[in-house]
A.B. asks: 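For reference, the structure I am asking about is given below.
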There are 2 protein chains.
Amino acid sequence: MSTPYHHGNLRAALVDAGLELARAKGPDGVVLREVARQVGVSHNAAYRHFADRDDLLLEIADRGMAELSGAMQARVDALPDELDAVTRARLRLHEVGRAYVEFALAEPGLFTAAFSCFSENAAGREPGSGPYEMLNAALDELVAVGYLAAARRPGAEVTCWAAVHGFSLLHLEGPMRVVDPADRDAALTGLLDTIDRGLGDPATG
Amino acid sequence: MSTPYHHGNLRAALVDAGLELARAKGPDGVVLREVARQVGVSHNAAYRHFADRDDLLLEIADRGMAELSGAMQARVDALPDELDAVTRARLRLHEVGRAYVEFALAEPGLFTAAFSCFSENAAGREPGSGPYEMLNAALDELVAVGYLAAARRPGAEVTCWAAVHGFSLLHLEGPMRVVDPADRDAALTGLLDTIDRGLGDPATG
DNA sequence: AACTGAATGTTGACGCCGCCCACATGCCCA
DNA sequence: TGGGCATGTGGGCGGCGTCAACATTCAGTT
């Protein structure tokens, strides 16, 4: 009555609670018993909906990835239209990278949780919506507009991803945890600039 | 008698055992009770030498960092001498980065353990011996030989570190765990090349 | 050589955790 | 109406980190 024996939508409630825990304390904060406690259900109830803790974490990771994708998409969409093709493509890559780092620093727990495990059918439900696909799209555009030589295109996505991913982790859990935000932003600008120069064709850019 | 009540050098033995556990299973594999078990001492014995688990992990991390430094130094020292200054400086940066990634992939557990926590007096006991210092030295040399413009020097160490760190983690625990070594090496070469181009002064390089 | 205090190691306990089991409850459909 | 199945409960197991009390050894003083 007051609290019906069957929750009705326990699975979703568990994921939501777990998501909040991940946000607040990172992947290690997603404790099955605590999640159950917050939903007001007994420990073990979760096992009717998830094989084990990792299975829950997997779904949380997917949600985190989706959120990251959204943040990246938002920044890309906010780009002004009236730019020439080349600078627009270059700015697009910058925004993709900046959004990635911005999200990681704004949501450290969720970000690390999202990378603590991976599902096969990754974040992007419909193709093209995941962070990886957005990055590849940005790079493809750089080739299309003639800024990035086609010969340099293979592997470029790994370079870009590695750079922003490493930057995020170094400032999140790494030795750069304590640098002040201004220096951090300057360093990020420098990183994006170096990548831009490194990818660009001197003849064209 | 057979096994003396006092171990004699328990602290070092615990660190060694913990180091092996870290190597094999990463930071989460460093379990106090297991470390004690391996040394043949009761659980809790470790508390006479370490404040808590993190304290032990800290020392393990230091050792891991030192090992990383050694691997980097070895690669740098192996560089041939008879090169002109500019290419030598550029190669030096390449080797620093390659050694970093190589170590991370060869010793995944120890590498992640080394970055799972940090001591204040970081890895390099004597100044200049830590990974960070070696990277900075390589970049300073790039400035000295005129390849890297002094104006681009600030923040360059963050860019380089982020790139190789991110590359390592993406291939270690990240979505790129499964790419085959050949592709991985090609991607790393591409990354180092992009960084080299991004840092270099077009007029000089 | 005996005494004493500090250092070191042991035993036992507490409260967490993930996970497994047997059982209780409520829903749906024949 | 009744039976089967999904869902939630309660208890228990072993493992963890940590604390407190106790045992043993060592080293320095007299």
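In what follows, chains carry the letters A, B, and so on, assigned in the order in which the sequence lines appear, proteins first and then strands, with residues in each chain numbered from 1. None of these values were measured; they are calculated from a predicted model. All heavy atoms count here, side chains included; hydrogens, waters and symmetry mates do not.
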A.B. asks: Just the rounded figure in Å: distance from P of dT25(D) to CZ of R48(B).
C.D. replies: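 Roughly 15 Å, once rounded to whole Å.
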
A.B. asks: Determine whether the side chains of Y147(A) and D196(A) contain a donor N or O and an acceptor N or O closer than 3.5 Å.
C.D. replies: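 Side chains of Y147(A) and D196(A): pair found under 3.5 Å.
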
A.B. asks: Please report the distance, rounded to the nearest Å, between CG in L10(A) and C1' in dT7(D).
C.D. replies: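 So the CG-C1' distance, L10(A) to dT7(D), works out to 9 Å.
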
A.B. asks: Could you go through R152(B) and D193(A), starting from their C-alpha distance and side-chain angles, then the distance that decides it, and tell me whether this counts as salt bridge (charged side-chain N to carboxylate O under 4.0 Å, His left out)?
C.D. replies: CA-CA 10 Å; R152(B) 309 190 76 81; D193(A) 193 50; 2.5 Å; yes

A.B. asks: Just the rounded figure in Å: distance from C1' of dC19(C) to NE2 of H43(A).
C.D. replies: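 Taking atom C1' of dC19(C) as the reference, NE2 of H43(A) is at 9 Å.
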
A.B. asks: Measure from CG on D28(A) to P on dC17(C) and round the result to the nearest Å.
C.D. replies: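 One finds 13 Å between P of dC17(C) and CG of D28(A), rounded.
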
A.B. asks: Nearest-Å distance, OH (Y47(A)) to P (dC21(C))?
C.D. replies: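 The answer, rounded to whole Å, is 12 Å.
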
A.B. asks: In whole angstrom, give the distance that lies between atom NE2 of H49(A) and atom C1' of dA6(D).
C.D. replies: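 After rounding, the gap between these two atoms is 9 Å.
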
A.B. asks: Which of parallel (below 30°), tilted (30 to 60°) and perpendicular (above 60°) describes F103(A) and F111(A)?
C.D. replies: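 Ring orientation, 0 to 90° scale: perpendicular.
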
A.B. asks: Could you note down all residue pairs passing side chain to side chain donor-acceptor pair (under 3.5 Å) where residues 14-29 of chain B supplies at least one of them, sequence neighbours left out?
C.D. replies: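 Listed once each, the pairs are D16(B)-R63(B), E20(B)-R23(B), R23(B)-E67(B), R23(B)-E107(B).
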
A.B. asks: Once you round it to whole Å, what is the distance between P of dC26(D) and CG of N9(B)?
C.D. replies: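 It is 15 Å, rounded to the nearest whole Å.
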
A.B. asks: With no hydrogens and no angle check, is any side-chain donor or acceptor of R197(B) less than 3.5 Å from a backbone partner on I195(A)?
C.D. replies: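 No.
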
A.B. asks: Return the value, rounded to whole Å, for the distance between atom CG of L56(A) and atom P of dC19(C).
C.D. replies: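 In whole Å, dC19(C) P and L56(A) CG are 10 Å from each other.
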
A.B. asks: Quick check: on DNA chain D, is the nucleotide nearest N44(A) upstream (toward 5') of the one nearest D54(B), or the reverse? Name the residue that is more 5'.
C.D. replies: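 In this pair, the answer is N44(A).
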
A.B. asks: Taking the six-membered ring for Trp and the single ring otherwise, decide whether the centroids of H165(B) and F115(B) are under 6.0 Å apart.
C.D. replies: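 Judged by ring-centre distance (under 6.0 Å), H165(B) and F115(B) do meet the cut-off.
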
A.B. asks: Could you list the protein-to-nucleotides 13-16 of chain D atom pairs, N/O on both sides, closer than 3.5 Å?
C.D. replies:
from, atom 1, to, atom 2, distance (Å)
dC16(D), OP2, R37(B), NH2, 2.6

